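Data block below; observations after.
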Amino acid sequence: MAGVGPGPLRAMGRQALLLLALCATGARGLYFHIGETEKRCFIEEIPDETMVIGNYRTQMWDKQKEVFLPSTPGLGMHVEVKDPDGKVVLSRQYGSEGRFTFTSHTPGDHQICLHSNSTRMALFAGGKLRVHLDIQVGEHANNYPEIAAKDKLTELQLRARQLLDQVEQIQKEQDYQRYREERFRLTSESTNQRVLWWSIAQTVILILTGIWQMRHLKSFFEAKKLV
Amino acid sequence: MGSAAPRSASVLLLLLLLLLLRAEQPRGAELTFELPDNAKQCFHEEVEQGVKFSLDYQVITGGHYDVDCYVEDPQGNTIYRETKKQYDSFTYRAEVKGVYQFCFSNEFSTFSHKTVYFDFQVGDEPPILPDMGNRVTALTQMESACVTIHEALKTVIDSQTHYRLREAQDRARAEDLNSRVSYWSIGETIALFVVSFSQVGASGEGLRVLPLMAEGKWKPVCKDHRVRQEARESGEVPDLV
């Protein structure tokens, strides 16, 4: 670092910050718009013991400039995750940019709901919020460069680790499939039983009411001396 | 001062490289969301020029399991539009750099809300380590074996996802059928009872008239109680009670 004065260093720092800022705006991929108190829910059907990582970033709409502001501090998003039995697994308020993680303990449909409860939007935004969202499930949630650095793996070892993770995910999915097939089979058998017993019951009721009708009318006819 | 310029230039170059890597970073989004009736939901993604992207979607639950879908390029031209599709796959090479939007619409349905799954993949999969993009040597046998296995396992996972979605759809239909069988059966039993009792009840009045009509002793009169009373008193209509 000899020979570098404070002037060029500051200029370097400013340029670095500018480029990093440019990096940050293109950081997330998919985005959608939501209204002020609108709730958007996403469903993830996952086997048990699977990790889910979600990243989001919000941008507020500027009514005067008719453009989305690059980043707005003070916005809040409430993230709520429910497991297949309806129990709340995660319910937290994050800032305008956040990352949420949860691990499933029961297989099935987990519901991830996002809504903004920021009151600032009503004043400035005209009610529109842009949300960048990225949800990664299971093996996709692993950050391999990080794992390589942490466990000091060579490239080949890292590839082997990735294959092992993939195979583990396939095994979990297969267990989940067996569980689902069992549920499906129970539902079908229940329908079968219901159709059978209700048909029998309705035929019996039909015959009984027919007999009752005949007897009632027969006694009526006898009373009226027609039979 | 002499070493400052190349140092700052190298830092800038490094950052530019990072920026380019971010720009080229292949992305994928796989989401399942609920689409209420008479609603439309749109998603947007920035795509570079010349990059191939693909959109797979499938309706999992709701109504007739169909949805409208369209994809628009940054200039607003519709590059894909389908109505009432259950599932489809669409691939496109982006000609223009910009934000592409794809929308799912349930506006044709009045009361069924749908669950839609979509998988939007942009570009190819990144290498496992970021600095592997600029390797100059060929892969060893072990490494290419690993790559082959990885690709095969990805196919297996994709096929599992496909079957899981189909199974979810079938399961939704089966559970729907199960509850419908219950409601219809109970409803039919109630209707059976109502019909048989009202037949006997209502026909009591009607049956009293039949033998008199056979003998020609009965004239139809209106059901007004007063008129019937007069008819009875005048002796025209025999006492039916």
Side-chain angles (χ1 to χ4, degrees), chain A residues 2-5 8 11-12 15-16 19-20 22-23 26-27 29-33 40-45 133-135 137 144-145 148 155-156 158-160 162-163 166-167 169-170 173-174 177 180-181 183-184 187-188 190-191 194-195 198 201-202 205-206 209 212-213 216-217 220 224 226, chain B residues 1-5 7-8 11-12 15-16 18-19 22-23 27 29-34 41-46 115 120 122 128-130 132 142-143 146-147 149-150 153-154 156-157 160 163-164 167-168 170-171 174-175 177-178 181-182 185 188-189 192-193 196 199-200 204 207-208 211:
Chain A
V4 179
M12 224 167 72
Q15 280 161 341
L19 273 173
L20 274 173
L22 281 173
C23 281
L30 195 77
Y31 67 82
F32 54 91
H33 300 134
R40 278 291 171 87
C41 290
F42 298 94
I43 298 164
E44 288 293 335
E45 195 177 350
L133 184 65
D134 180 38
I135 298 179
V137 171
Y144 285 104
E155 186 191 317
L156 206 57
L158 190 67
R159 283 190 190 274
Q162 189 186 36
L163 293 175
Q166 274 189 306
V167 167
Q169 190 179 344
I170 289 171
E173 186 75 31
Q174 282 186 326
Q177 191 176 350
R180 283 192 320 258
E181 190 271 338
R183 262 184 56 186
F184 191 4
T187 306
S188 300
S190 160
T191 306
R194 281 185 197 186
V195 165
W198 275 108
Q202 279 184 14
I205 288 172
L206 195 62
T209 48
W212 174 78
Q213 275 184 334
H216 181 88
L217 293 174
F220 170 76
K224 291 293 168 190
L226 290 170
Chain B
M1 206 59 190
S3 57
R7 182 171 286 278
S8 65
V11 168
L12 272 177
L15 285 169
L16 252 169
L18 271 174
L19 180 63
R22 278 292 183 92
R27 299 179 290 266
E30 196 182 332
L31 290 173
T32 311
F33 65 96
E34 213 176 82
Q41 278 189 18
C42 292
F43 297 89
H44 315 254
E45 176 131 14
E46 168 116 22
T115 314
F120 188 76
V122 180
I128 188 170
L129 285 170
M132 263 162 32
M142 280 293 286
E143 284 167 0
C146 283
V147 168
I149 297 174
H150 178 67
L153 289 180
K154 268 210 298 198
V156 171
I157 292 176
Q160 277 189 328
Y163 281 117
R164 188 189 71 222
E167 191 269 343
D170 293 340
R171 190 165 21 99
E175 285 172 0
L177 182 66
N178 196 16
V181 161
S182 285
S185 305
E188 267 195 61
T189 311
L192 204 61
F193 277 125
S196 30
Q199 266 183 343
V200 172
L207 279 178
R208 278 177 216 138

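Since the model is a prediction, treat every value here as computed from it, not as a measurement. Protein chains get the first letters and strands the later ones, always in sequence-line order, with residue 1 at the start of each.
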Tell me the closest heavy-atom pair linking B:Ser196 and A:Thr209, and the distance in Å. OG-CG2, 3.6 Å

Quick one: CG on B:Leu153 to CD1 on A:Ile170, what's the gap to the nearest 0.5 Å? 4.5 Å

Could you tell me whether B:Glu167 and A:Arg183 make a salt bridge, using a distance below 4.0 angstrom between a side-chain N and a carboxylate O? no

Identify the heavy atoms of B:Cys146 and A:Leu156 that sit nearest to each other, and give their distance. SG-CD1, 4.3 Å

Quick check on A:Gln162 against chain B: is it the side chain, the backbone, both or neither that has a heavy atom closer than 4.5 Å? side chain

Find the distance between OG1 (B:Thr32) and CD (A:Glu44) and round it off to the nearest 0.5 Å. 5.5 Å

Sort out for me which of A:Leu158, A:Val137, A:Val195 touches chain B most, counting heavy-atom pairs under 4.5 Å. A:Leu158

Test of understanding: with side-chain hydrogen bond (donor to acceptor under 3.5 Å, both in side chains), list the residues that count as partners of B:Glu30, not counting sequence neighbours. B:Tyr117

Report the option among B:Arg171, B:Lys154, B:Arg164, B:Glu188 that has the most heavy-atom pairs separated by less than 4.5 Å from atoms of chain A. B:Arg164

Please determine whether side chain to side chain contact (heavy atoms under 4.5 Å, CB included) holds for the pair B:His150 and A:Arg159, giving the CA-CA distance in whole Å, both sets of side-chain angles, and the decisive distance to 0.1 Å. CA-CA 9 Å; B:His150 178 67; A:Arg159 283 190 190 274; over 6 Å; no

Main chain of A:Cys41, side chain of B:Glu34: is a donor-acceptor contact present, judged purely on distance under 3.5 Å? no

If you look at every heavy atom in A:Thr191 and B:Ala174, which pair is closest and at what distance? OG1-O, 4.2 Å

Honestly, the part of B:Leu192 sitting under 4.5 Å from a heavy atom of chain A is side chain

So which of A:His216, A:Glu181, A:Arg180, A:Gln213 has the biggest tally of heavy-atom pairs under 4.5 Å with chain B? A:Arg180

Of the listed residues (B:Glu175, B:Gln41, B:Gln160), which shares the most heavy-atom pairs with chain A below a 4.5 Å separation? B:Gln160

Could you walk me through whether A:Glu173 and B:Ile157 pass the side chain to side chain contact (heavy atoms under 4.5 Å, CB included) check? CA-CA 9 Å; A:Glu173 186 75 31; B:Ile157 292 176; over 6 Å; no

Which class fits the ring pair A:Phe32 and B:Phe43: parallel under 30°, tilted 30 to 60°, perpendicular over 60°? perpendicular

Tightest non-hydrogen contact, residues A:Leu30 and B:Ala29, listed as CD2-CB, 3.7 Å

All heavy atoms of A:Glu45 vs all of B:Ala168, minimum pair found to be OE1-CB, 3.9 Å

Is it true that A:Arg194 and B:Ser182 share a donor-acceptor pair across their side chains at a distance under 3.5 Å? yes

